[in-house]
Amino acid sequence: MTNAEKLTELAKRRGFFFGSSEAYGGVAGFYTFGPEGAALKRNVESSWREQFTTRLGNEEIEAPTIMPEPVFEASGHLDGFDDMLVECAECGESHRADHLIEDNTDIEEAESLPIAEVEELIAEHELECPNCGAPLAGQDVVDFNLMFETSIGPGNGHPGYLRPETAQGIFVEFPRLKEYARNQLPFGITQVGRAYRNEISPRKGIVRTREFTQAELEQFIDPESDEPPLEDVRDVEVVLYPATEQEKESVEYIETTIGDAVDDGIIASDWVAYFLGVAQGWYESVGVDMDRFRFRQHLPGERAHYASDCWDAESELGGDWVEIAGFAYRGDYDLSKHEEYGDDSFTVFQQYDDPKTVERAVVDPDMSALGPEFGGQAMAVAEALQDLADRNPDAFDSDEVTVEVDGDEVTVDTDLANFSVEEQTESGEHITPHVVEPSFGVDRTVYTVIAHAYAKDEVADEARSFLQLDPTIAPTSVGVFPLLSNAEELTEQAHDIVDALRDVGLSVAYDESGNIGRRYRRQDEVGTPFCVTVDYEGLEGDGPDTVTLRERDSTAQLRLPVDVLVEELVAVRSGAKPFDALREDYEAVDSDDA
RNA sequence: GCGCCGUUGGUCCAGUGGUAGGACAGAGCCUUCCCAAGGCUCUAGCCCGGGUUCAAUUCCCGGACGGCGCACCA
């Protein structure tokens, strides 16, 4: 069994994740997070929120997962997703069928033709594979639309799509969000939610699914003036794999700091560099193994339609590098498209520090004269006059000016135009903000965290496999056991401790089944960092009752008074106090006498 | 989508034309037993549909799901 297979087996058996709807034969590309997995995922998400929403001073929204078709016409996803592929039987190369037809016939817009017709056209025109020249006639044309389509409301006249990325839910609401931000750049909006892609063939278990969770930040900036607080992450050490290195035969990484990478021009955008630095720290905090982690720059041909520069965070899983986040400089692509297609304004008014005074040629046409003269064309004439004033003010030096309206030459008395040059004050301008997008795949992150936490050792000559999850994100924080299940004094105190720990918000597992070692291993296997055992020894003697506290990774045990247990556990589980600090205050338990 | 291989208790596997066995896990009881191997008892399975056959978990065909390769991953 490979490690990946062991992880899949562990995930199924212990309730981290498993294929959905298995009672009905299952469905490819959909996974259910079981109790352990859902808890772990919630903890990873809340850690992400803590970092990328709260600490960076951003705001989170929650948009619908279904949006109407025009949104995706604007975003470019409809075109980008609706490709027709034909595969060459000889060499196996896939080609865009619509492009082949457009290139080799007089037909334009082949993309809108039905599949059957495209297949006929390929046969009719005897199209050949551009790669090897083999005939393509008879080959199936495959339509792949990576968006899930649905219809909104009764009937089918109102198509909608499940969003292929959460980002569009933010971009579409930009007109309201900018008002919320009081038109002040920069500001950032986050969203944690589901996205959907109807993958042709989902693979690699939970790594590539059809429904997945993204955690995204859309940072809106003024490209002219907004700088990230780069000094916060200057010294963060990172492993970079730039595009230039990827073209070489041997894999060589650049180990550097964020600050140096910017100074050396390896990362072009300060903003992207800043977020790489923040992300590095975050990944480390949730337990991603930094020896199996890198930032890889996209190759020029690899970038999405919206991105000018893009870096991925990648983690090593079973020998493969898997993308777990993307950091894209999206420029003004999205907001410009929505400005063009949507009804509202996707720009922000930026005031100048000092208002500018500019001279502008203006006309104030005498409509009471133009109206009778030109009738319905009068407005168009007036607009043409202003247009002329902008382009060529000198034209108004003569007695008459001539403009073109609907293809007709129209001559107007210059007096009627009321031409003048005015000083106007410009206090600012409308700009389309640029967008920097760190976009995290939550499911892949969760899987990475599990895979990187997976460890093996030996305890008392017995092999042990366990998850070294960080205490802050482990699904269960504490296991509580009575040493024996048939002793009321032990089970009662154990139950009291469970209640006390749950009262302060800790996630607690109670277990009295089997022998004590078995119970420790159960919790080890799901990554529970601490276990409390109530034994007879702790009830004996004159002093306060004591219990033992065991740490998962070292299996070391300390004896703690019950009345400090809650306080100390809260401290070690939050990371405020390392477990080793407890060793100074409490007696170690010698477990060799077992 | 294509090709190859696979699908048997919760998990991982063995096996058979006459409906099946193990390991681990799980439940209960016993146990002053602190690191999965104690004793007793118990639970639980042949992916779906069609075909061949007296009889199919087993053979054939199709499907679903999974693994690998190709393609795809904007």
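We name chains A, B, ... by the order of the sequence lines, and we start the count at 1 in each one. Since the model is a prediction, treat every value here as computed from it, not as a measurement.
A 3.5 Å limit on both hydrogen-bonding distances identifies B:G39 as the Watson-Crick or G-U partner of B:C29. In a base pair of the Watson-Crick type (N1 to N3 plus N6-O4 or O6-N4) or a G-U wobble (N1-O2 and O6-N3), with each distance short of 3.5 Å, B:U53 is matched with no nucleotide. With a cut-off of 3.5 Å on both pairing distances, the Watson-Crick or G-U wobble partner of B:G66 is B:C5. Figure legend. B:G17 is base-paired to no nucleotide; pairs are counted as Watson-Crick or G-U wobble with both atom distances under 3.5 Å. Across every strand in view, B:U58 sits unpaired, with no contact that passes the Watson-Crick or G-U test at under 3.5 angstrom. Judged by Watson-Crick or G-U wobble contacts below 3.5 Å, the nucleotide B:A23 has B:U11 as its partner. Both distances falling under 3.5 Å, in either a Watson-Crick or a G-U wobble arrangement, occur for no nucleotide opposite B:A44.
Applying the salt bridge (Lys or Arg N to Asp or Glu O under 4.0 Å) test to every pair with at least one member in residues 13-27 of chain A, sequence neighbours left out, gives these pairs: A:E9-A:R13, A:R13-A:E525, A:R14-A:E525. Under the salt bridge (Lys or Arg N to Asp or Glu O under 4.0 Å) criterion, the residue pairs touching residues 552-569 of chain A are A:D535-A:R559, A:E537-A:R559, A:E568-A:K577, with sequence neighbours excluded.
An OP1 or OP2 oxygen of B:C73 is reached within less than 4.0 angstrom by no side-chain nitrogen or oxygen of A:K204.
Each of A:S485 and A:R522 has a nearest nucleotide on RNA chain B; the 5'-most of these lies closest to A:R522. With RNA chain B read from its 5' end, the first of the two nearest nucleotides for A:T548 and A:S513 is the one closest to A:S513.
The distance between atom CG of A:N515 and atom C1' of B:G26, rounded to the nearest whole Å, is 14 Å. One can place CG of A:D312 at 12 Å from C1' of B:C73, the figure rounded to the nearest angstrom. The nearest whole Å value for the distance from the CG atom in A:D511 to the P atom in B:A25 is 13 Å. Spacing between atom CD of A:E323 and atom C1' of B:C73 amounts to 9 Å, rounded to whole angstrom units. Counting to the nearest Å, the P atom of B:G9 and the CD atom of A:E22 are 11 Å from each other. For the pair A:R13 CZ and B:G26 C1', the computed distance is 11 Å after rounding to whole Å. Atom CG of A:L146 is separated from atom P of B:C73 by 8 Å (rounded to the nearest Å). Atoms CD (A:E5) and P (B:U7) sit 14 Å apart, rounded to a whole Å.
For the P atoms, the distance linking B:A23 with B:C40 amounts to 13 Å, nearest Å. Rounded to whole Å, the P atom of B:G15 lies 29 Å from the corresponding atom of B:C54. When the C1' atom is compared between B:C65 and B:C59, the two are found 22 Å apart, to the nearest whole Å. Straight-line distance between the P atoms of B:G6 and B:U43: roughly 34 Å, to the nearest whole Å. B:A20 and B:C29 have their P atoms separated by 31 Å, given to the nearest Å. Rounded to the nearest Å, the gap between the C1' atom of B:A36 and that of B:G26 is 13 Å. Spacing between B:U57 and B:U52 at atom C1', rounded to whole Å, works out to 16 Å. A gap of 31 Å separates the P atoms of B:U7 and B:C72, to the nearest Å.
In terms of modelled atom types and a separation under 3.5 Å, the side chain of A:T166 and the main chain of A:G193 share no donor-acceptor contact. Between the side chain of A:R502 and the backbone N or O of A:V508, at least one donor-acceptor pair lies under 3.5 Å.
Counting only heavy atoms from C-beta on, A:Y520 has its side chain closest to B:C34 among B:C12, B:G66, B:C34. Comparing B:C12, B:U32, B:C34 by their nearest atom to the side chain of A:E540 picks out B:U32. Distance from the side chain of A:Q557 is smallest for B:C34 among the nucleotides B:C34, B:C73, B:G26. The A:R208 side chain lies nearest to B:C72 when the options are B:A36, B:U11, B:C72. Closest to the side chain of A:E9, from the set B:A36, B:C12, B:U32, is B:C12. For A:R521, counting side-chain heavy atoms from C-beta on, the closest listed nucleotide (B:C34, B:G66, B:A36) is B:A36. Nearest to the side chain of A:R518, among B:A36, B:C65, B:C30, sits B:A36. Nearest to the side chain of A:E525, among B:G66, B:A36, B:G26, sits B:A36. In this structure, the nucleotide among B:C68, B:C65, B:C34 sitting nearest to the side chain of A:L483 is B:C34. Among the nucleotides B:A74, B:C30, B:C73, the one closest to the side chain of A:P164 is B:A74.
At least one cation-pi condition fails for A:R296 and A:W321: the charged atom is not both under 6.0 angstrom from the six-membered ring centre and inside a 45 degree cone around its axis. Under a cutoff of 6.0 Å and an axis angle of 45°, A:R464 and A:F466 form a cation-pi pair.
A salt bridge is defined here as a Lys NZ or Arg NE, NH1 or NH2 lying under 4.0 Å from an Asp or Glu carboxylate O, and A:R330 with A:E165 meets this definition.
Residue A:D524 is classed as having no contact, given no heavy-atom separation below 4.0 Å to the nucleic acid. Using a 4.0 Å heavy-atom distance criterion, A:G514 is classed as making no nucleic acid contact. Looking at heavy-atom distances under 4.0 Å, A:R519 makes no contact with the nucleic acid at all.
How far CD of A:Q191 is from CD1 of A:I170: 5.0 Å, rounded to the nearest 0.5 Å.
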